[in-house]
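Contents: one structure, followed by commentary.
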Amino acid sequence: QVQFVESGGGLVQPGGSLRLSCAASGSIFRILVMAWYRQAPGKQRELVATITSSGTTNYADSVKGRFTISRDNAKNTGYLQMNNLNFEDTGVYYCNFHPVVPIYWGQGTQVTVSA
């Protein structure tokens with residue numbers, strides 16, 4: 001069983017930055033692909049970025065060049081550095097494995113980009 005606890009969200013102005021953290025329980029975390037997802041109001045949850053256990057990353061086109069995913073396997077923690085945020089980045093951000101394991105969804109952390 002794995003639990004994900006996301007943190008670091010908040011209210012930020014366009015162009016601002018936030019760093020999200022994802023604390024995971026269970027040693028299985030360090031061997032699986034970890035991902036960040038987000039769900040904007042009225043929209044389906046979407047994949048934002050992935051990172052393999054060895055550090056290979058992939059990003060959705062909408063965040064490429066602005067977001068950076070990373071992980072610290074020793075701490076069972078993942079991160080999402082978000083720069084140059086815009087209104088379309090507003091939503092609840094979740095971490096999970098990729099492919100997703102639905103029973104592992106946490107509460108997420110709210111990111112609101114507003115002037």
Side-chain angles (χ1 to χ4, degrees):
Q1 185 74 9
V2 175
Q3 285 187 321
F4 290 109
V5 179
E6 302 90 348
S7 62
L11 175 64
V12 63
Q13 293 185 336
S17 298
L18 283 173
R19 189 190 194 211
L20 307 183
S21 296
C22 168
S25 64
S27 58
I28 196 173
F29 170 84
R30 60 197 64 183
I31 65 173
L32 296 180
V33 177
M34 180 222 156
W36 283 95
Y37 302 81
R38 68 183 179 190
Q39 187 165 21
K43 294 188 177 181
Q44 288 190 333
R45 192 148 31 193
E46 63 174 347
L47 178 65
V48 174
T50 63
I51 183 168
T52 67
S53 58
S54 58
T56 300
T57 59
N58 248 305
Y59 299 92
D61 287 343
S62 59
V63 306
K64 209 171 286 185
R66 301 187 298 121
F67 290 13
T68 303
I69 188 172
S70 61
R71 65 193 294 169
D72 185 334
N73 290 332
K75 296 182 179 179
N76 267 20
T77 303
Y79 305 96
L80 186 67
Q81 176 67 43
M82 307 187 296
N83 298 329
N84 195 20
L85 286 159
N86 58 52
F87 298 121
E88 289 69 35
D89 296 317
T90 292
V92 181
Y93 284 70
Y94 304 86
C95 56
N96 203 312
F97 295 122
H98 181 70
V100 70
V101 181
I103 62 171
Y104 291 162
W105 288 122
Q107 296 299 308
T109 185
Q110 175 71 46
V111 172
T112 303
V113 184
S114 175

Run through Y94, W105, Y93, Y104 and flag the one making a ring pair (Phe, Tyr, Trp, His ring centres under 6.0 Å) with Y37. W105
W36 vs Y59 side-chain heavy atoms within contact, under 4.5 Å: no
Donor-acceptor check, side chain of N76 to backbone of S25, threshold 3.5 angstrom: yes or no? no
Do R71 and F29 meet the cation-pi criteria used here (NZ or CZ under 6.0 Å from the six-membered ring centre, within 45° of the axis)? yes
Between E88 and S62, does a side chain to side chain contact (heavy atoms under 4.5 Å, CB included) hold up when you go through it step by step? CA-CA 9 Å; E88 289 69 35; S62 59; over 6 Å; no
Could you go through the side chain to side chain contact (heavy atoms under 4.5 Å, CB included) check for V111 and L20 one step at a time? CA-CA 9 Å; V111 172; L20 307 183; 4.1 Å; yes
Nearest 0.5 angstrom please: S27 OG to L32 CG, how far? 10.0 Å
Please determine whether residues V100 and V2 belong to a single hydrophobic cluster, defined as Ile, Leu, Val, Met, Phe, Trp and Tyr linked transitively by side-chain heavy-atom distances below 4.5 Å. no
What are the two closest heavy atoms between H98 and A35, and how far apart are they? CB-CB, 3.8 Å
Roughly how far, to the nearest 0.5 Å, is the CG atom of L80 from the OG1 atom of T68? 8.0 Å
Any S17 side-chain heavy atom under 4.5 Å of N83 side chain: yes
What distance do Q39 atom CD and Q110 atom CD have between them, rounded to the nearest 0.5 Å? 10.5 Å
Separation between CD (Q81) and CG (L18), nearest 0.5 Å, reads 8.5 Å
Taking all non-hydrogen atoms of both residues, which atom of F87 and which atom of A115 are closest, and how far apart? CE2-N, 3.9 Å
Of the non-hydrogen atoms in T90 and V113, which two are nearest, and what is the gap between them? OG1-N, 2.9 Å
What's the separation between atom CD1 in I69 and atom OG1 in T52, rounded to the nearest 0.5 Å? 9.5 Å
Please determine whether the number of non-hydrogen atoms from other residues, nucleotides or ligands lying under 6.0 Å from atom NZ of K64 exceeds 12. yes
Would you sort out whether R38 and V63 count as a side chain to side chain contact (heavy atoms under 4.5 Å, CB included), showing the intermediate values? CA-CA 12 Å; R38 68 183 179 190; V63 306; 3.9 Å; yes
Between N73 and I31 (side chain of the first, backbone of the second, donor and acceptor by atom type, cut-off under 3.5 Å), is there such a pair? no
At what distance, to the nearest 0.5 angstrom, does CD of Q3 lie from CD1 of I103? 10.5 Å
Between M34 and Y79, which heavy-atom pair has the shortest distance, and what is it? CE-N, 4.5 Å
Where the side chain of S114 meets the backbone of T112, is there a donor-acceptor pair that is under 3.5 Å apart? no
Checking M82 against V12 for the side chain to side chain contact (heavy atoms under 4.5 Å, CB included) test, could you report, in this order, the C-alpha distance in whole Å, the side-chain angles of both residues, the deciding distance, and whether it holds? CA-CA 11 Å; M82 307 187 296; V12 63; over 6 Å; no
Are the side chain of E6 and the backbone N or O of C95 linked by a donor-acceptor pair below 3.5 Å? yes
